[in-house]
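Numbers here simply count residues along the sequence, with the first being 1. Just follow the structure's listing: the first ligand is 1, and inside any ligand the first atom is 1.
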Amino acid sequence: MTSYVAGVDIGATYTRVGLFTTDGMLMERVRFETPRAGGELAVASAVARAIEELLSRWGGSLISIGVGTVGPLDIASGDVTGAPNLPIGRFKVREPLERLFGVDVYVVNDCVAAAWAEYLVGTGRGFRNVVYVTLSTGIGGGAVVDGHLLLGKDGNAHEIGHIVLDLSGKFRCGCGGLGHWEAIASGANIPRTLEVLAREWAGEATEAYRKALDGGLSPEELFRLWRGGDRFAEFAVDFLAEVNAAGIASVVNVYDPEVLTLGGSIALRNPDFIELSLARIGRYIVNRRPTISLTPLGDDVVLLGAAFIAIKPPRELLGVVRKYSRL
Ligand SMILES: [Zn+2]
């Protein structure tokens, strides 16, 4: 009988579940909207249904599950403790899945899973210092330093989206903090940032400006109007590129990676915007500049990383799970 592992990517908008062979080959993936209500078991139940559906189609047996999820999380319990971009807030992952399937379930931050994929099979393959940054609904990261996957006391050693980049008090983050990178430049918060910028704009009343004023300018529309030469969109994209440059440079300054890859919908759909951001990091960077590129693993980077966490759990994670299961 064929043995499989399940890789799970719990995102702020979509959850992806993939069935993988034990050498990391993806057999099939399914995608559904991440439950926004239904209590602390809603997400795990939806994931379980998807795994059962895949197993019923492919047969075989499940030997472990790896999960990369929006955070922040409590890595010891495997619970998400209050995701700023998900209305469901706190929810359980490890315990209900372990109980249902009777296999080991490894739960990490989604960007930690992505960093693990980059380190093993992506651009970071063959390097010991690899950082992954996502620019998406939220902003997050994962880091392998000296060959060690960084986790931290609760599994949140790399909440880089909450690096403070602004002291004006104008940008409040979904986490409640002020001036965080994510509060300014994540997909979820860009419309509000555009509103703040529009109120201060003294130039012509362009289409982007008018839409931004009432908070109704989405990132997709902003980038479309920017490419069309809208003056307010140019001003706003310039500002966001500067913020991303400062954020990415801060990450390089803290982790000193050889390779830094970028993923997430904002980055993957707007390589011209990323180029603009990267052109500006020189003025904020102190460490030797790493190789910086978009992830070659695309939308599957978290899913793939979650599967590899299940196939080859990093020793740092085994350490945490063992330490806490003794308590
Ligand atoms: Zn924050």
Side-chain angles (χ1 to χ4, degrees), residues 9-14 34 36 43 68-75 77 79-91 93 107-115 131-143 150-197 199 212 215 217-219 222 236 239-255 260 262-267 273-274 277 281 284 302:
D9 166 13
I10 302 173
T13 313
Y14 293 107
T34 304
R36 301 178 74 79
V43 176
T69 175
V70 287
L73 72 127
D74 174 356
I75 201 166
S77 64
D79 295 346
V80 173
T81 56
N85 299 311
L86 249 187
I88 201 167
R90 188 184 180 95
F91 58 93
V93 182
V107 183
V108 296
N109 177 290
D110 49 3
C111 293
V112 170
V131 169
Y132 173 82
V133 173
T134 184
L135 303 176
S136 188
T137 310
I139 293 177
L150 297 188
L151 293 174
K153 67 185 187 310
D154 295 319
N156 304 314
H158 29 64
E159 282 285 352
I160 60 165
H162 306 274
I163 287 174
V164 179
L165 293 181
D166 174 85
L167 300 176
S168 71
K170 286 186 276 195
F171 304 100
R172 186 172 292 283
C173 193
C175 74
L178 277 176
H180 294 175
W181 183 5
E182 173 171 309
I184 309 169
S186 73
N189 292 322
I190 282 177
R192 219 179 38 202
T193 296
L194 297 173
E195 195 181 331
V196 170
L197 295 179
R199 288 188 201 291
L217 184 57
S218 68
L222 168 71
F239 174 81
L240 292 171
E242 198 70 34
V243 167
N244 284 339
I248 293 165
S250 298
V251 169
V252 172
N253 292 344
V254 170
Y255 295 124
L260 185 152
L262 291 153
S265 55
I266 298 268
F273 169 58
I274 294 305
S277 305
I281 68 169
Y284 301 106
V302 174

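- With sequence neighbours left out, Asp74 forms a salt bridge (charged side-chain N to carboxylate O under 4.0 Å, His left out) with no residue at all.
- Residues meeting the salt bridge (charged side-chain N to carboxylate O under 4.0 Å, His left out) test with Glu242, sequence neighbours left out: Arg280, Arg283.
- In terms of the salt bridge (charged side-chain N to carboxylate O under 4.0 Å, His left out) criterion, residue partners of Asp9 (sequence neighbours excluded) are, by chain and number, Arg16.
- A side chain to side chain donor-acceptor pair (under 3.5 Å) with His180 is found for one member of Glu159, His162, Arg172 and no other, namely His162.
- What you find for Ser277 and Ala241 is that their closest heavy atoms are OG-CA, 3.5 Å.
- Counting only protein atoms, the N, O or S atoms lying less than 2.8 Å from the Zn ion (ligand 1) are His162 ND1, Cys173 SG, Cys175 SG, His180 ND1, ordered by chain and residue number.
- When atom types are taken as modelled, the side chain of Thr137 and the backbone of Ala188 share no donor-acceptor pair closer than 3.5 angstrom.
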